[in-house]
Amino acid sequence: MNDYFDFEKSIAEMEKMIEKLKSISPDQNHYNDEIAELEKKCALQKQELYGNLTAWQTVQIARHPKRPVLLDYISLVFSDFVELHGDRSFGDDQALIGGFATIGKRRVMLIGHNKGKNVDENIKRNFGQAKPEGYRKALRLMRLAEKYNLPVLCFIDTQGAYPGIEGEERGQPEAIATNLTEMARLEVPIIALITGEGGSGGALAIGVGDSVLMMSHSVYSVISPEGCASILWRDASFSPQAAEALKPTAQSLLALKVIDEIIPEPLGGAHRNYEQTSQEIKRVLLKHLKRLSAFSTSKLLKLRFEKYSAMGLFSD
Amino acid sequence: MNDYFDFEKSIAEMEKMIEKLKSISPDQNHYNDEIAELEKKCALQKQELYGNLTAWQTVQIARHPKRPVLLDYISLVFSDFVELHGDRSFGDDQALIGGFATIGKRRVMLIGHNKGKNVDENIKRNFGQAKPEGYRKALRLMRLAEKYNLPVLCFIDTQGAYPGIEGEERGQPEAIATNLTEMARLEVPIIALITGEGGSGGALAIGVGDSVLMMSHSVYSVISPEGCASILWRDASFSPQAAEALKPTAQSLLALKVIDEIIPEPLGGAHRNYEQTSQEIKRVLLKHLKRLSAFSTSKLLKLRFEKYSAMGLFSD
Amino acid sequence: MPWFIKSKTSEEKRKPVKDDIWVKCGSCNAHVFKEDWFNSLSVCPKCGFHGRLTAYERIGQILDIDTFKEMFGRISPSDPLSFVWTRGSYKDIVKQTQDKTGLNESVVCGIGKIHDIPVSIAVMDFRFFGGSLGSATGEKILLAANYAYEHKIPYIIFSASGGARMQEGTLSLMQMAKTCAGIARLREKKIPYVSVLTDPTTGGVIASYAMVGDVNIAEPGALIGFAGRRVIEQTIRQKLPDNFQTSEYFLEHGFIDLIVERKKLKDTLKNVLQYYNR
Amino acid sequence: MPWFIKSKTSEEKRKPVKDDIWVKCGSCNAHVFKEDWFNSLSVCPKCGFHGRLTAYERIGQILDIDTFKEMFGRISPSDPLSFVWTRGSYKDIVKQTQDKTGLNESVVCGIGKIHDIPVSIAVMDFRFFGGSLGSATGEKILLAANYAYEHKIPYIIFSASGGARMQEGTLSLMQMAKTCAGIARLREKKIPYVSVLTDPTTGGVIASYAMVGDVNIAEPGALIGFAGRRVIEQTIRQKLPDNFQTSEYFLEHGFIDLIVERKKLKDTLKNVLQYYNR
Ligand SMILES: [Zn+2]
Ligand SMILES: [Zn+2]
């Protein structure tokens, strides 16, 4: 399960050592003390490391190939999922999926990007980069949620909308713009959760929530650090600097009031403990569902409009 | 201007003879009496012929290559036309066009099939056979009409929705079905006019009107006579019989309460006098616009629902 | 809009041949004991081919036992055009079809329950004039929609149709608008409408009520299409792909929400309906 | 979402070169007398190339004389991220840009009349940070929408933008949602909103308010696109068609209602607005 990044090297070594000691005498525990000490040391160092990640390190964790994807959450957070396919006009995008789902005792419409975790899945899911038909499917499901009076939960995890010629041809900008406009007035609560990468317009197109949440090691940005570095620094190797400058982390965005709450991940990242991650997600989602379901529709729309009206910092 | 059908042979001969006599002595009018007599005889025979056309003959006139098309009516019946392109999701279908238009002093949304009158035009217009993006453009314009509080006028002239693979792929049935469903509740008056061929679902997809009108030599049918003959008679040469059996003429459909009024064409068909045809259309459309604009929205929708609820004859 | 173009031979091939003891599968030609065939809901135990059902067989499979109450059963075709063709008069052939099938029209309507959820339901029967949409069919489908509207219960239509009934001319075309007007009112009042597409759903039916469900469900391998294969091949002058006009093709192109095996259909309907939250 | 990928060279080529007497057309390289150039509304009299306009030039061409009243003019960028890159700090460069252009932000907003029809109007200026969408831009565009909403007058936006302003990070992305929220309320209250797309309209602007007009109008030959050409070429690994990402390409694909030459733009706007019938 554990693939380590460069900056996790010392932790990786300690964890390997612990494994090794444990495997030498699995029954008699000759090295109990050494193991305990190492584990304590390791835990401290983790606390130190993961509590002080750079933006660029966070980007890497957010993109971890073993990070849970929507299908994992569907089985761990939700029950009774009924996937609904198709945009009813062109196709069925497998990069962005959705359907009826139940969380706790609450019925919802669940929509989200789904990255793959291996080559085949990534081809099928187009690395979670949705095409216009994906965003149009999302809107169709939101409209259905409105008819059935179900809150909408959006799980966001994408580098961005697919930037190929088909996207331009079939109206990536139209699909995104229409979603932004329609979501602004959708008559049911919307909760958006950035689980991994929140990449630009492709993320926002299902991200206009009454509550916007981020996993503690996810990122949400107007452009990828690589893209920003190649434009502003004219050199993609300045990605760490660009990442720092863009302030795409949950902490920064909470401070900038772009998001409402951070969902803590297990030490080292969501990929280290799917179960714990899912429980936290469930707890926080249920809390927000409860809060939002108390509002009348007109109150909900008023609050949503005020929320987005207040986005941004400028001088006057 | 005059292309004659077989059944117009005797009239064609008389008209040629009159032309000839007139041309022999254009100034002195030696043959004045003969001309007058021939013209009288010709007029009588026309009255006789065009007042008693068979269904199959009507089909042929409805398909006359010189019959006025929507673009003719746009310049003769309407003013200030602003064409609006595109379905906002895939393309701009030139077989089905639309835009803002003014008739008399009334502002409307005009939508309609447009056949071509020559090879180039017919390629561009796909012989008036719209694809899904055409029907979706029509719906978009109807929604815009709803926003701007404009009545919708639909000019229908098509063999049917385009039956190619692109139609199936991109959802011809979905586009038609959605239009039927949405038009049932569109909150502005809708007037549908079959100007030439009203071919099946491709016609009905812009045909759900509060008033449904037909030109006197137009046809409106669930299937073409040729199609019906090849299925039920297993031989397309039985098309005249099929045409008779299908009762697609304005007179029959008025009796069956499928349509509300017949707009008379000049003797011999609309292609013989564009100007006169257009004046009649304008007169009748203005009358219906006036009638429908008197209703409140709820009354309008109630009447529309009742109108379509009453369609059909069955035993109980 | 009508859709009678599939050749007789290929139609015949899909129809399971029944004798007293055996049913021969319309797809893999396996001989299956009649009892096994019906126990598996007319799905071939060998190859999974979904055979066609009569309206009452379908109702028996979907509704809770003894909950179905038929409605509008007397409504039946008239002969508005006095239509006559090589096979005879429409009137006579309607009579013969009624005698043969025991049905008055191509659709059976009523109310019942699905795992205790009350629903209004319309089920088409392909045996009656190829499940074609005539005036009486349209009337019944609208009345069942109106019943759902008035009683605020979900509406479910099982389609199985060759399209509009051309023997009723333009009146049959009008049924597309008429039925959709009923669906439109359900939309407005936020009452669920689920469309189930079964083999075959084509022509005027796929281009009206069958395509506009909140959720469109199809059985596997069903023939679903708008224009006839032959018409399309003439138009484009080339052969069509193999899965063209199947449930799977329609799912791929975004028009079907889910394809559900017959044995899971009742439970899936319940799952969908339970998400209606008013 | 940002869109700065067009190479400097090709950007430069499109920009007409001005000296005291002549303007050199950015497309055909013709030298045009400055007076003729401006008399033809900055459209090349030789080849019809539509040169870029400043916001105030545009306002002068579109609104009835002396009817424009600027609003929200004081709103200007802050530096929420303390953004610094190779060129320096965002704060400083904003200051320099303001001094150079005389503008406070990339959009000028206000009210005025088009052939006597009162409108709320927002006009972007590409000279200010490539017309990029920052927090202050979004605020002004929303406030102008709100003005139209409260006074029930049509709203018109002229877009000219390279996309979201990355120096404001995720806050600039949020401006897409913020501006569309304003447009959504206009929709709800049935107040007209016309979007005019001029050269260039790309990235986050084409993917928000610029694409959702009741009527989308484009000037001929404008660069209109979502992703950058280079990004797309890298993705698909092949050359793109020549008219790719132009007004004409977007019309063909159904996203633009009409392409209108600059000299007819004011009259066309009037024609469209007069159809609003409330
Ligand atoms: Zn079998
Ligand atoms: Zn030039």
Heavy atoms under 4.5 Å from chain B: which residues of [range] carry them?
range: residues 140-149 of chain C; result: C:Leu142, C:Asn146
range: residues 72-79 of chain C; result: C:Arg74, C:Ile75, C:Ser76, C:Pro77, C:Ser78
range: residues 88-103 of chain C; result: none

Is it the case that [X] and [Y] place a side-chain donor and acceptor less than 3.5 Å from each other?
X: B:Ser252; Y: B:Thr249; result: yes
X: C:Arg165; Y: C:Ser172; result: no
X: B:Ser221; Y: C:Thr170; result: no
X: B:His217; Y: B:Gln57; result: no

So which residue, [options], ends up with the most heavy-atom pairs under 4.5 Å with chain C?
options: B:Glu166, B:Lys257, B:Arg170, B:Gln241; value: B:Arg170
options: B:Ala184, B:Gly167, B:Ala245; value: B:Ala245
options: B:Pro163, B:Pro173, B:Ala177; value: B:Pro173
options: B:Ser315, B:Gly312, B:Ala229; value: B:Ser315
options: B:Pro248, B:Ala242, B:Gly227, B:Gly171; value: B:Gly171
options: B:Leu313, B:Leu301, B:Leu180; value: B:Leu313

Need one label for [X]: side chain, backbone, both or neither, based on atoms under 4.5 Å from any heavy atom in chain C.
X: B:Arg304; result: neither
X: B:Tyr220; result: both
X: B:Leu204; result: side chain
X: B:Leu253; result: side chain

Can you tell which of C:Glu105, C:Arg185, C:Glu252 has the highest number of heavy-atom pairs within less than 4.5 Å of chain B?
-> C:Arg185

Could you tell me whether the side chain of [Y] reaches within less than 4.5 Å of the side chain of [X], counting heavy atoms only?
X: C:Asp125; Y: C:Val107; answer: no
X: C:Val194; Y: C:Ile157; answer: no
X: C:Phe244; Y: C:Ile232; answer: yes

Any ion pair linking B:Lys302 and B:Glu306 (charged N to carboxylate O, less than 4.0 Å)?
-> yes

Could you go step by step and tell me if C:His253 and B:Glu168 meet the side-chain hydrogen bond (donor to acceptor under 3.5 Å, both in side chains) rule?
-> CA-CA 9 Å; C:His253 286 92; B:Glu168 300 284 321; over 6 Å; no

Could you tell me which non-hydrogen atom of B:Asp260 sits nearest to which non-hydrogen atom of B:Asp210, and how far apart they are?
-> OD2-O, 3.9 Å

Residues two or more places apart in sequence or in another chain: which of them pass side-chain contact (heavy atoms from CB on, under 4.5 Å) with B:Ala175?
-> B:Pro132, B:Tyr135, B:Arg136

Counting distance only, does the side-chain N/O of [X] pair as donor-acceptor with the main-chain N or O of [Y] below 3.5 Å?
X: B:Tyr162; Y: B:Phe127; answer: no
X: B:Gln94; Y: B:Arg125; answer: no
X: B:His288; Y: B:Ile190; answer: no
X: C:Thr86; Y: B:Leu232; answer: yes

Given salt bridge (Lys or Arg N to Asp or Glu O under 4.0 Å), test B:Glu121 with B:Lys115 step by step and report yes or no.
-> CA-CA 8 Å; B:Glu121 268 284 301; B:Lys115 290 185 180 175; over 6 Å; no

Proximity breakdown for C:Tyr209 and chain B, heavy-atom pairs closer than 4.5 Å | neither

Is it the side chain or the backbone of C:Arg187 that comes within 4.5 Å of chain B heavy atoms, both, or neither?
-> side chain

Walk me through it: do C:Ser135 and C:Glu168 pass the test side-chain hydrogen bond (donor to acceptor under 3.5 Å, both in side chains)?
-> CA-CA 7 Å; C:Ser135 292; C:Glu168 296 189 16; 2.8 Å; yes

Mind telling me whether B:Phe238 and B:Trp233 have parallel, tilted or perpendicular rings, with 30° and 60° as the class edges?
-> parallel

Does the pair B:Glu226 and B:Ser230 meet the rule for a side-chain hydrogen bond (donor to acceptor under 3.5 Å, both in side chains), with working shown?
-> CA-CA 6 Å; B:Glu226 292 88 341; B:Ser230 27; over 6 Å; no

